[in-house]
Amino acid sequence: MRYPVSDFDKWYSAQGFGDKTDYGFHPGIDLNLKTGGDTDFGQPIFAIADGYVTSVCQNHVTKGFGRHIHIRHEKEDCWSHCAHLKDVIVSENETVKEGQLIGHVGKSGTKLSHLHLEIKLK
């Protein structure tokens with residue numbers, strides 16, 4: 001299993017799992033480049049492990065997850081969920097390999113670019 005971004009030491013968690021929010025608790029982590037602002041916009045996002053794409057949402061909405069993707073990782077018995085993407089370059093039911101490019105950091109569904117990442121057991 002790998003990180004969804006390159007050079008992970010250049011990123012930080014702007015909001016952590018379980019942090020209190022205006023809608024309850026944050027269900028994942030929000031990753032941003034340490035350089036701040038929207039400098040992470042367009043950065044590549046990679047599959048964290050081998051798996052297959054179970055859902056792709058291409059909505060560019062102003063609130064919510066925006067463009068997002070779920071990947072089932074059977075070997076690890078979990079799903080990864082990447083949200084607020086600029087684009088998704090894989091399709092539903094497509095098999096992906098660990099480290100494969102799946103999209104780019106964006107700001108769909110939010111005002112500032114970042115990668116929202118969740119690991120789900122269901």
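Heavy-atom basis, side chains included; hydrogens, waters and symmetry copies ignored.
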Report, as yes or no, whether the 6.0 Å neighbourhood of atom CZ on F41 holds more than 12 heavy atoms from other residues, nucleotides or ligands.
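Result for CZ/F41: enclosed.
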Nearest 0.5 Å, please: how far is [atom2] in [Y] from [atom1] in [X]?
X    : Y    : atom1 : atom2 : value
Y3   : L115 : OH    : CG    : 13.5 Å
D7   : K34  : CG    : NZ    : 11.0 Å
L117 : I48  : CG    : CD1   : 6.0 Å
C57  : E92  : SG    : CD    : 10.5 Å

Specify the closest pair of heavy atoms between [X] and [Y], including all atoms of both residues, with the distance to one decimal.
X    : Y   : answer
S91  : V56 : C-CG2, 4.2 Å
P4   : L31 : CG-CD1, 4.2 Å
H104 : D87 : ND1-OD1, 2.8 Å
A47  : I71 : CB-CD1, 4.4 Å
V105 : W11 : CG2-CH2, 4.1 Å
D50  : H73 : O-ND1, 3.1 Å

Donor-acceptor under 3.5 Å (S13 side chain, I29 main chain):
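Side chain of S13 to backbone of I29, a donor-acceptor pair under 3.5 Å: no, none is there.
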Report yes or no: does R67 contribute a side-chain atom to a donor-acceptor pair with the main-chain N or O of K86 at less than 3.5 Å?
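Pair found, side chain donor or acceptor close to backbone of K86.
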Hydrophobic clusters join Ile, Leu, Val, Met, Phe, Trp and Tyr when side-chain heavy atoms are under 4.5 Å apart, directly or via other members; which others share one with F46?
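Via sub-4.5 Å side-chain contacts, F46 links to I89, L101.
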Between L85 and I69, is a side chain to side chain contact (heavy atoms under 4.5 Å, CB included) present by the stated rule, with each step listed?
CA-CA 9 Å; L85 306 179; I69 181 174; 3.9 Å; yes
Verdict with supporting geometry, Y52 and E74, side chain to side chain contact (heavy atoms under 4.5 Å, CB included):
CA-CA 9 Å; Y52 63 94; E74 288 183 330; 3.7 Å; yes
Decide whether F8 and I102 are clustered together by the hydrophobic rule: side chain heavy atoms of Ile, Leu, Val, Met, Phe, Trp, Tyr closer than 4.5 Å, transitively.
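In one cluster: yes.
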Charged N to carboxylate O under 4.0 angstrom, K107 versus D38?
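Salt bridge between K107 and D38, a charged N being under 4.0 Å from a carboxylate O: yes.
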Check ion pair R72-D77 (N to O, under 4.0 angstrom):
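Looking at D77 together with R72, the answer is yes, because their closest N to O distance falls below 4.0 Å.
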Describe, in one word, how the ring planes of H116 and H84 are oriented to each other, choosing from parallel (under 30°), tilted (30 to 60°) and perpendicular (over 60°).
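The rings of H116 and H84 stand perpendicular, inter-plane angle above 60°.
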For Y12, all residues meeting ring-ring contact (aromatic ring centres under 6.0 Å, His included), sequence neighbours excluded
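By the ring-ring contact (aromatic ring centres under 6.0 Å, His included) rule, Y12 matches no residue at all.
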In this structure, which one of V5, T35, D40, L33 forms a side-chain contact (heavy atoms from CB on, under 4.5 Å) with K10?
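Running side-chain contact (heavy atoms from CB on, under 4.5 Å) over V5, T35, D40, L33 with K10 returns exactly one hit, L33.
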Between H114 and N32, do the side chains contain an N or O donor and an N or O acceptor separated by less than 3.5 Å?
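Looking only at side-chain atoms, N32 and H114 do not form any donor-acceptor pair under 3.5 Å.
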Modelled atom types, side-chain donor and acceptor of S80 and H70, under 3.5 Å:
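Per modelled atom types, S80 and H70 side chains form no pair under 3.5 Å.
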For residues H68 and H81, establish whether the separation of their ring centroids is below 6.0 Å.
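Under 6.0 Å, so yes.
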